[in-house]
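Let me begin by presenting the structure, written as structure tokens, before commenting on it.
The residues of the chain are indexed from 1 along the displayed sequence.
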Amino acid sequence: MPELPEVETVMRGFRDAFEGHRISHISVNRPDLRWPFPADLREKLEGRRILSFRRRAKYILMRLEGGWSMLLHLGMSGRLTIGRAGTNATPPAHEHLVLETDSGARAGLVDPRRFGMVDLVRTSGEDDHRLLAHLGMEPLSPTMTGQALTALFRNRRTPVKSALLDQKLIAGLGNIYVCEALFRCGIHPERQACTLTAPETAALSEAIPQILEQAIASGGSSLRDYVQTDGTKGGFQDLHLVYGREGDPCPNCGEASPIRRITQAGRSTFFCPTCQK
């Protein structure tokens, strides 16, 4: 599933092509993805000017005139391709939604597995939407501090990796970037969250935004389906220090301690057993 850097990258590409322009045409090519498309999607969006964009966790919000926002989630395999209207003689396979603007921009939502979703929400009530209301703090916001993490982890006897992936605590973090952050901070992923010291939570609160910003600058991580809105792959997968590198020498301590992989809550965790305590 695309994580925060990938969703932020897609949102920025969408914003650059669509913000300030008016939606001239919408095509809905099937009745549903994970859930049905809103029955009044065309009625609410066609003819409206796009005012701004926002990312919340792994969701994209497109805000329009009239007080409505379109909520978009890419699911497991979804991608948003941006181009020019009228240039695709044959639409891509599994393209389920198309938006076109008066400036000639075209966005196509391609989702082979159909785990993505599109919904409408009043802009004034975005954070009350059923999919957003429970979300925790944004890791790229000023609220991401060592003190905040210490408070979140207090009395939590779950593994620290599980706590960081809990969307009710921190919104948008995923498996790749949690593995990378724990490695950079020398924290073992199986440690109980409540055992982290103040210096360790402070280090995490600095490392997490740094890694996310680096990943965004690289266009995200392309491991399977994810591509940027222009169809190109991201580049951060080439900068992973531990994720996906089982058996490779640790970048810190060398060949004496290769990267290990374990399974936590059904997900692969990559770490150095020597450097991470």
Side-chain angles (χ1 to χ4, degrees), residues 1-15 17-18 23 25-46 50 53-64 68-83 85 87-101 105-121 126 129-135 165 167 171-177 219-234 237 265-268:
M1 178 182 294
E3 299 182 19
L4 186 154
E6 291 77 54
V7 177
E8 178 73 18
T9 300
V10 169
M11 187 275 290
R12 293 182 184 185
F14 200 7
R15 179 192 64 197
F18 273 63
I23 295 180
H25 182 69
I26 295 176
S27 297
V28 181
N29 300 326
R30 61 171 296 111
D32 58 11
L33 295 177
R34 187 174 183 183
W35 297 295
F37 283 104
D40 55 351
L41 186 66
R42 292 184 64 179
E43 175 188 338
K44 290 291 193 300
L45 301 189
E46 276 191 350
I50 301 161
F53 285 82
R54 174 195 179 201
R55 178 196 53 76
R56 178 70 170 114
K58 301 174 187 178
Y59 296 88
I60 295 171
L61 288 145
M62 179 177 70
R63 296 154 159 182
L64 298 104
W68 287 98
S69 296
M70 187 184 82
L71 179 66
L72 168 66
H73 191 276
L74 296 174
M76 298 292 291
S77 60
R79 63 184 186 273
L80 195 70
T81 58
I82 305 292
T87 58
N88 286 344
T90 304
H94 309 293
E95 186 179 68
H96 307 309
L97 176 68
V98 177
L99 306 178
E100 296 180 358
T101 70
R106 180 187 191 277
L109 176 60
V110 177
D111 188 359
R113 299 176 68 183
R114 302 200 304 274
F115 285 131
M117 56 78 61
V118 171
D119 203 1
L120 290 172
V121 59
E126 287 175 351
H129 189 279
R130 62 185 177 86
L131 297 174
L132 306 185
H134 69 283
L135 294 173
L165 289 174
Q167 299 298 294
L173 288 184
N175 200 29
I176 296 172
Y177 301 103
S221 296
S222 289
L223 301 180
R224 291 187 181 179
D225 301 293
Y226 166 73
V227 292
Q228 300 179 70
T229 54
D230 62 359
T232 60
K233 292 184 177 182
Q237 66 276 3
R267 300 178 183 181
S268 292

(request) State which residues pass salt bridge (charged side-chain N to carboxylate O under 4.0 Å, His left out) with K58; sequence neighbours excluded, sorted by chain then number. (result) none

(message) I'd like to check L132 versus L61 (side-chain heavy atoms, cut-off strictly below 4.5 Å). Are they in contact?
(response) yes

(request) Mind listing the closest non-hydrogen atom pair of G219 and Y226 along with its distance? (result) O-OH, 2.8 Å

(request) Drop me the distance from R79's CZ to T81's OG1, to the nearest 0.5 angstrom. (result) 7.0 Å

(request) Go through the structure and list residues passing salt bridge (charged side-chain N to carboxylate O under 4.0 Å, His left out) with R34, not counting sequence neighbours. (result) none

(request) Taking all non-hydrogen atoms of both residues into account, name the closest pair between A57 and R55 and its distance. (result) O-NH1, 3.0 Å

(message) If I compare all heavy atoms of A105 with all of A17, which pair ends up nearest, and what's the gap?
(response) CB-O, 3.8 Å

(request) Would you sort out whether D111 and R113 count as a salt bridge (Lys or Arg N to Asp or Glu O under 4.0 Å), showing the intermediate values? (result) CA-CA 6 Å; D111 188 359; R113 299 176 68 183; over 6 Å; no

(request) Report yes if the side chains of L72 and V10 come closer than 4.5 Å at any heavy-atom pair, otherwise no. (result) no

(request) Spell out, as yes or no, whether a donor-acceptor pair under 3.5 Å connects the side chain of E46 to the backbone of I26. (result) yes

(request) Evaluate the side-chain proximity of H96 to R114: yes if any heavy-atom separation is below 4.5 Å, no if none is. (result) yes

(message) Can you give me the closest heavy-atom contact between E126 and S69, atom names plus distance?
(response) OE2-OG, 2.6 Å

(request) List the atom of I82, the atom of A107, and the distance in Å for their closest heavy-atom pair. (result) CD1-CB, 3.5 Å

(message) I'd like to know if the side chain of Q228 reaches the main chain of K233, judged simply by a donor and an acceptor atom lying under 3.5 Å from each other, with no hydrogens or angles considered.
(response) yes

(message) For E3 versus I176, what's the shortest heavy-atom pair and its separation?
(response) OE2-N, 3.0 Å

(request) With the side chain counted from C-beta on, respond yes when L74 and E6 share a heavy-atom pair under 4.5 Å apart, and no when they do not. (result) no

(request) Determine whether H73 and D119 make a side-chain contact, defined as any pair of heavy atoms from C-beta on separated by less than 4.5 Å. (result) no

(request) Kindly compute the distance separating CE (M117) from CG (D32), expressed to the nearest 0.5 Å. (result) 12.5 Å

(message) I'd like to know whether M62 forms a side-chain contact (heavy atoms from CB on, under 4.5 Å) with M11, so could you lay out the CA-CA distance, the side-chain angles of the two residues, the decisive distance to 0.1 Å, and finally the verdict.
(response) CA-CA 9 Å; M62 179 177 70; M11 187 275 290; over 6 Å; no

(request) Enter the distance from F53:CZ to R12:CZ here, rounded to the nearest 0.5 Å. (result) 13.5 Å

(message) I'd like to know whether T232 forms a side-chain hydrogen bond (donor to acceptor under 3.5 Å, both in side chains) with D230, so could you lay out the CA-CA distance, the side-chain angles of the two residues, the decisive distance to 0.1 Å, and finally the verdict.
(response) CA-CA 6 Å; T232 60; D230 62 359; 2.6 Å; yes

(request) Please round to the nearest 0.5 Å and tell me the distance separating atom CH2 of W68 and atom CG of D40. (result) 6.5 Å

(message) Side chains of R56 and L71, heavy atoms from C-beta outward: is any pair under 4.5 Å?
(response) no

(request) With side-chain contact (heavy atoms from CB on, under 4.5 Å) as the test, would you mind laying out the steps for L80 and I60 before giving the verdict? (result) CA-CA 11 Å; L80 195 70; I60 295 171; 5.6 Å; no

(message) Would you say that L4 contacts Y177 through its side chain, given a criterion of any heavy-atom pair below 4.5 Å between the two side chains?
(response) no

(request) Would you mind reporting whether L99 and F14 have side-chain heavy atoms less than 4.5 Å apart? (result) yes

